[in-house]
Each structure stands twice: as C-alpha cells, then as structure tokens.
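What follows is a short report on a single structure.
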Amino acid sequence: MTDASTPLIVGGPAPSDARPDADLLQGLNGPQREAVTYRGQALLIVAGAGSGKTSVLTRRIASLLRTREAYPSQILAITFTNKAAGEMRERVHQLIGQKADGMWISTFHSACVRILRREAEQFGFTKSFTIYDSGDSRALIKRLVKEHEGDSFGLTPAGTQSRISKLKNELADAESYARSANMSDPAERVFVEIFSSYQRELQRANAFDFDDLIAQTVYLFRAFPQVADVYRRRFRHILVDEYQDTNHAQYALIHELTRPVGSDAEPFSSGGMMIFEAEPTGDDAASLTVVGDSDQSIYAFRGADIRNISEFERDYPGAKVVLLEQNYRSTQNILSAANAVIANNFDRKDKKLWTDVGAGDPIIGFTGYSQHDEAQFVADEIESLHKKGLPYSGVAVFYRTNSQSRALEEIFIRSAVPYKIMGGTKFYERAEIKDALAYLIAVANPADGMAVRRILNRPRRGIGDVTETAIARYAAEHDITFRDALANSAQIGVGPKLQKAIDQLDAVLTEATAIMLPASGELAPSTSVTEGLTLLLNKSGYFDALRASKDPQDEARLENLDELVAVTREFARNNPEGTIIDFLTEVTLVADADDLDDASGSVSLMTLHTAKGLEYDAVFLTGVEEDLLPHRISANEPGGPQEERRLFYVGITRARKRLHVSLAMTRAQFGEVTVAMPSRFLQEIPADLIDWRQSPGDVNGRGGSQSRALNARGRRPGQPGGNRYGDDLVPLPKRAPADPSKFPNRIPAKVRDNGDMQLAAGDRIRHDDFGEGRVDAVTGEGAKRVAHVRFDTVGPKKLLVKIAPISKV
DNA sequence: GGGCGTGTTGTTTTT
DNA sequence: CAACACGCCC
C-alpha cells in the first residue's frame, strides 16, 4: 500500500541530538509513531484502510535496523502476495539502502519453500521437490476420485479438492480426520481413502501442494524441535502483514516461530493439539508484530480465520495494541460510504475512518440496461476523466468474478481505452505453457509422475491410455519411477512403433538433464534453463507440431511459448545463480510477475480480491447486483454475506478521489439473459452521497429512462429527500414516493416479463407511465432488445422490451 | 489411438 | 456459454 501523505525521507542525516531513527518518524501521527517505536514481545497494529500501514511497517523495520537492535538477517517479514513483498522490500531499501538485502521479506508460501528446501531431506523429500498448483492437484484428485469411484458416493473432484484443502489449512491429515469423522458412512470412508492416497502420491512425486507448503513446515517444526530452533534463533523480529487473512496453519507457523528457543527440548507430544496457554514466554522468544484490519478479511473461503486477529491479545498476553484510524487516502465522501456500509456487519469492533482532506466529489452511480451498456458508461467516463488530465494508470475497474471482465474488455477495445487485466486468466494456466513446464519438471524432478504422464503424448506420439497404463504397471512392478521406466521401453511390452516413440522422449529428457543438471555435480549456469527448454521444445517435436498445424490458435500458442522462453532469459538475468528448480518455484508461486512494471499507461482491471492493498485515484466498482455482489453462492455459507460486504468495503476504500458504482439490469450469465436486482449494499450507502447518472429506478421501466446525457445534467446531490433511500434519486418525480417500487434501489419483487414480445419500427405502444408512443427502432437481441420509442407527451425514451410496462396498441 | 459430434454439467474469490 | 465427458466411427 503506497501512502502519498507521508513522504519518505531518504538519506538525510538525523540531527545529532535525536534518536538515530528520528528521521523515520517525521510526518507520522501519534499512533503511527507508536507503532514504529514500540518495543516488546507482541504488537498488534489495527490498521484501517489507507491508514498508512505499509509506511508504518517499513519504518518499523528500518528503525530496528537503524538503531542496531537487529541485523537484517534477523528479520522475517511476511506478506500475502509477492507484489506486496516486492513493494515492501523496495521501500525498506529506500529507507536504509543495501542493508536490506539479508532480510527475508516474502509470502508465507515462499518463506516455507525456502525452509522446506533446506530441510527436505529430514523427512523423506529431496530438495528438488516441485510444487503442485491448484490445477495440478485437481488433476491428481480427479484421477483418484475416478480410481476410487468416488462419484458413486457423491464426491466430485472440485468438492474433494476443497475439502482436502480446508482440512490441511486446519492442520488435519487423513488419519486425524478419520478419527473424528463418521466412518460408518461409506462416503466418508472413500473420502478418507482418496485423501490419504492423494497425500501418498504427492510424497511419491516428491511434491507439495500449496497448502502443504505451510502445513508441512509446521509438522517439520513440531517433529524436529532442533530444526525449529535454528529458525527461532535466526528470526528475532517477525512481522506479518494482512494478519486477518491468516488461516490456522499460518497462525500455527507463526506460533512455532515465536516460541522461545529450546522451549520444546523435551519430547513434544506431536499429533495432539498444541496447548498455547502452557507456553512460557521467555525473553528469547522472537518479537512479533502483526498488522491487520478485520474489516478487510476476505479470504475466509481459503481458511482465513478472523479470530486470529480478534483474539490476538488472548494468544499473546501483554500484547500492545495500536489503532490507526486516520485515513490518508480517500475523500470524506468515500470514507463515509465505506463506514456506513461496513457498519452493517454486526459482531465487529466499531471503527470509523476519517480524513481531513474534505468531502470531495460525490460518488457517481450508473445503471446500464446490459453489462455492455454498463461497460460503455465505464469506458466513456474513463475517457472523460482522461481528457481532464487523469492518466489511465490512475484508474481501476473492479468486479466480483473474473468472467465479468469479458464485457468490459470488448467495450474497452472498441472504445480504444488501454487496459490491462491483473491476475486474470493466467499465462501459466494455458495448456501449452503447462506442457512446457511439465517438460521442465520431468527433468528437474523425475519422481513427479504427473508431469511425465502429461507430456507422454504431447506432441502426439501415438501413446494413449493403454500404453500409459502399461508403463505405469512396469514401473510399479520394478519399483522404479514412471520416468525411469521410459528407459526400458523394450521390456514394457508394447509394439516397436511405440517403443521408438518412448525411446525418443526418453532421449530428449536425458539430453536436457545433462544440460540443466550436469552429472558432474557442478552448478549449471542459469542460462541453462533457456537452453534446456529450447532443446526440449525443439527435439520433442512440440514446436514442429504447432508449426505444422493449421489451427489458427496454434500460432498464438507458439507466441506464448516464445514468451515463456523470454521469461527464462529474464530469470537468468535476475538470478545468475538460479537453477531450474528456482525457476519452477518462482513460476508456480508468482502468479503474474509482469504486473508490477508495465501497468503504466493502462487502466487496471481486476477482481475485488486482487484489489486489496492497492489504491487508485478513480475506481469503478461494477456489477453491484444481488447474486453477484453479494455472490449468490455466499448466501448459504455461514458468514458469507458479511464477507461479501467486506469485499465491497475493500473496493470502496481503494479509491482516492473518485468512486463510481455501477450495475446492469440484465446480465448474460450462463447462456441465459437474466434480470438483475440492485445489490442490497447500494442501499447501505447514504443516498445523499451518490449522484445517480442513471439510477436503477430510471431503468426498470417505471420512472423514465432518459438518456444519460439528459439525466446527468441538473442533477445535484443532496437535494432534500424524504427518506433514507432518497426520493431525489428518481430524476422524473412523477409519482408519490410511497410506492415501494419507486425506491431507486429496489425492483418490484415480481419483475414484469413481456417474453419475446414482437416490436418493429412503426408499431404503436402504450406505456403505463408515459402513455402512447411510436417505436422508432428496436436494437439488441433476445432479452436485451431495446425499443427506441417516441412518446406523444414525454418525447423519446429507450425501453428494455423484456421488462418495460408496455403493451401494443 | 484419435477425431469428431452430441450431451451434460456446473456457475466465486487465490497463494 | 463454456468445458468436459462420452460414444461413435475411421
């Protein structure tokens, strides 16, 4: 999180009579200062959105170093995303220079990988283990569900995967789960079987999934106290950002690291639950600083436990708590909206963000007829802001689900608005990229059978299911890996043609291994990754197959692979010592490495989850509709709607100066066009804060549907309104506001449906409110058909044919 | 073994 | 509207 209001003071020597970190405190308010200078065992910084927490965290680190209370190597700072880690490293670097280099500033996952690589041999892995991303683990689970016939017990791959993930985040394994589960239920028995074979397969493949990275590190520390002590001795100051999003495993990891050195020298009763209360808090335990805001907890679905932060003081008796409430980011209007929305969550500590920069512009609201109409509004508005001097890079568009980006993209391309999608459809999830990486994995971690199976028939070699099974059987019989079985093609029992195909694959892999992992034991130069990858793609025939193909998409695939090769070059430049394993680790852990630099000059599009921790001058919150935000699926989950509200809150608080909320009355989801209702969250924003260019009431067929331009003019916020929802939001005051269907944020429970009423230019129609008129034209298709009607008394209007209260005359 | 057509299905957020 | 599974045919 950047913080423009507290400029960094670089370089200048501190006044001689001041403390050595005095310059770091300049420009900080009282609580911020305290958060930087407090020294003690445990510190909780409750940091509201935009309260300068990154600034505080980086200065706290700089202060520890400047006062020589810590060496860089004694500091472990944990963030949630690689991007945040990079930013923090950068800012600490600005404050104190080179000395920052020995610190560990990384995500939970990267830190754990580093530890696990060092210690892998302790517990049955090798340091060249690979990491399964969610796609890899889903593929494996899918196979296992099939093998165990899980589907006949109602087990789906996706469901099984998410259950396993949840259990791992709770530090449960198949065995401990089986003890507590109802094992007389056959479905439970099968699930446990799948769970344990999944784990067995991972171990055999010398691989960890994302959840294992954390959980296995915890197990490692618990099983080998002397190993844990190494890290406890090393890390004297541990700082955790976004603490509200830690799950139980991450919490346990931090707890392990902050125990006193040697505290579990006596045999530790592993396998049971940890009993934190019994812990001594000796002087030699590392100091712990956590920063978080429970109002921004949006990862419960991934096991984040809000109690980790709300019960911090209980977990760490004597902990100091500092509250940062002053906001340096947004205008008061934006903060008032945010405060009002989040106040609807019960069971939270009251906290109000405030600022002294003034009210600022009103929030702009817009309701489109369709998602394209909404997108057009966003594009037009961005253009107009851009003309006023706001760079594209200062603008962000948020949405709840990735699929919403399509409509925006289409319109942005047509309107020539430069944009960049952050995090979306990931480069590394494309099939050809996964294939190429599987080749690399097959070399780097030959134990990983999944990777070898993946490339077995890519490009086509005529090796199908039957042959794959034959190889697997041979491997099992001779107790060798799938990869090694390829070297014995003659004994597998397949025809000469297939033998040749297998030999050829084996040869390519062997040749690449010689380049990337020289047997002599010397370290291969980091450029060997590029060399090896190119060799693999060329000699395997992968490139040739794509070039020979007449599928036009294959050209794009070739380009993508070229880009991957470019990524390896870049990697070699940045990591002169980097090995193929380092490259693979980076690629799986760093979702998209390229978004940090080249987002300049483009509007940023992203999901609300990705938006956390970022800020923009102008923000567009799109798709603010029931069933989308809050998402339909959240309705049945405990705490779901509240989490969705926090998501909305996170979105609002990303805006510095201008906030736009928008929705569409119809949305094509799933082939069908459905009529959408405004989100309940819109009603929670005080009406006088929103200036509706086109309110939901304008568009739902009752209350008029003037063009945006007409509506925009003469609309002023804060007109006297009769009730909280604001009659003044209805631009055409034609009717007593008592009619609930007139509330701008509501749609009558029963939505009118004209079905596929046929209308053509020239038809005369009657509208419930506008009287009779003549159809000029009909545009759009299906449920999105819009009739352009010239009414006899009120002039031209656009109406959504499907739901407008009209009939033919 | 692989290509093609048809049918079925699910449908959120991410390290 | 996807992506995917399945069955059919070469």
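By convention in this document, chain letters (A, B, ...) are assigned in the order of the sequence lines, proteins followed by strands, and residues within each chain are numbered from 1.
- Whole-Å rounding puts the A:Gln371 CD to C:dC1 P distance at 12 Å.
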Show each protein N/O and nucleotides 6-10 of chain B N/O combination with a separation under 3.5 Å, one pair to a line.
none

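- Between the side-chain ring of A:Phe80 and the base of B:dT15, no stacking contact exists by the 5.5 Å and 30° definition.
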Any protein N or O atoms within reach of nucleotides 5-10 of chain C? Criterion: under 3.5 Å, listing atom names and distances.
residue: C:dA5; atom: OP1; partner: A:Lys142; partner atom: NZ; Å: 2.9

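- Nearest-nucleotide positions on DNA chain B place A:Asp465 closer to the 5' end than the other of A:Asp465 and A:Phe210.
- Backbone-only contact: A:Asn457 has heavy atoms under 4.0 Å from sugar-phosphate atoms and none from a base.
- One finds no side-chain N or O of A:Asn82 lying less than 4.0 angstrom from the OP1 or OP2 phosphate oxygen of B:dT15.
- Straight-line distance from the NZ atom of A:Lys497 to the P atom of B:dG2: 11 Å, rounded to whole Å.
- Spacing between atom NE2 of A:His609 and atom C1' of B:dT15 amounts to 13 Å, rounded to whole angstrom units.
- Contact annotation for A:Arg632: no contact, since no heavy-atom pair falls under 4.0 Å across all strands.
- A:Phe482 is linked by a ring-ring contact (aromatic ring centres under 6.0 Å, His included) to nothing, counting only residues two or more places apart in sequence or in another chain.
- Looking at heavy-atom distances under 4.0 Å, A:Tyr299 makes contact with sugar-phosphate atoms alone, never a base.
- The salt bridge (charged side-chain N to carboxylate O under 4.0 Å, His left out) test applied to A:Asp211 returns no partner, not counting sequence neighbours.
- When the ring-ring contact (aromatic ring centres under 6.0 Å, His included) test is applied to A:Phe571, the partners found at least two apart in sequence or on another chain are A:Phe583.
- In this structure, A:Tyr649 atom OH and B:dT13 atom P are separated by 24 Å, rounded to whole Å.
- Following rounding to the nearest Å, A:Glu586 (CD) and B:dT15 (C1') show an atom-to-atom distance of 15 Å.
- Applying the ring-ring contact (aromatic ring centres under 6.0 Å, His included) criterion to A:Phe398, with sequence neighbours excluded, gives no partner residue.
- Among the atoms of the strands shown, none is found under 4.0 Å from any heavy atom of A:Asp211.
- How far CG of A:Leu116 is from CZ of A:Phe125: 8.5 Å, rounded to the nearest 0.5 Å.
- In this structure, of B:dT13, B:dT15, C:dA2, it is B:dT15 that holds the atom nearest to the side chain of A:His109.
- Rounded to the nearest 0.5 Å, atoms OG (A:Ser162) and CZ (A:Arg138) are 11.5 Å apart.
- Not a single salt bridge (charged side-chain N to carboxylate O under 4.0 Å, His left out) links A:Arg406 to another residue, sequence neighbours left out.
- Taking only side-chain nitrogens and oxygens, A:Ser110 never comes nearer than 4.0 Å to OP1 or OP2 of B:dT15.
- Taking only side-chain nitrogens and oxygens, A:Thr607 comes nearer than 4.0 Å to OP1 or OP2 of B:dT14.
- Atom pair A:Glu410:CD and C:dC1:P shows a separation of 12 Å (rounding to whole Å applied).
- Between the CD atom of A:Gln161 and the C1' atom of B:dT15 there is a distance of 13 Å, given to the nearest Å.
- For the OP1/OP2 pair of B:dT15 and a distance below 4.0 Å, the side-chain nitrogens and oxygens of A:Asn247 include no atom meeting the criterion.
- Here the two rings, on A:Phe191 and A:His148, have centers that are 6.0 Å apart or farther.
- With sequence neighbours excluded, no residue forms a ring-ring contact (aromatic ring centres under 6.0 Å, His included) with A:Tyr219.
- Checking B:dT14, B:dT12, B:dT15 against every side-chain atom of A:Thr81, the shortest atom distance belongs to B:dT15.
- Annotation: salt bridge (Lys or Arg N to Asp or Glu O under 4.0 Å) contacts involving residues 109-120 of chain A, sequence neighbours excluded, are absent.
- With distances taken from any side-chain atom of A:Arg460 to the nucleotides B:dG2, B:dT13, B:dT15, the minimum falls on B:dG2.
- The strand DNA chain B forms stems, runs of 3 or more Watson-Crick or G-U wobble pairs with distances below 3.5 Å, at B:1-10 with C:1-10.
- Contacts of A:Asp544 classified as side chain to side chain contact (heavy atoms under 4.5 Å, CB included), with partners at least two apart in sequence or in another chain: A:Arg547.
- Counting any heavy atom pair closer than 4.0 Å across all strands shown, A:Thr610 reaches sugar-phosphate atoms only and no base atom.
- Every residue two or more places apart in sequence or in another chain that forms a side chain to side chain contact (heavy atoms under 4.5 Å, CB included) with A:Ile633 is listed here: A:His631, A:Glu637.
- Residues A:Gly464 and A:Ile633 both approach DNA chain B. Their nearest nucleotides, taken by heavy-atom distance, put A:Gly464 toward the 5′ side.
- The distance from atom NZ of A:Lys166 to atom C1' of B:dT13 is 12 Å, rounded to the nearest whole Å.
- With values rounded to the nearest 0.5 angstrom, A:Met103 atom CE is found 6.0 Å from A:Arg89 atom CZ.
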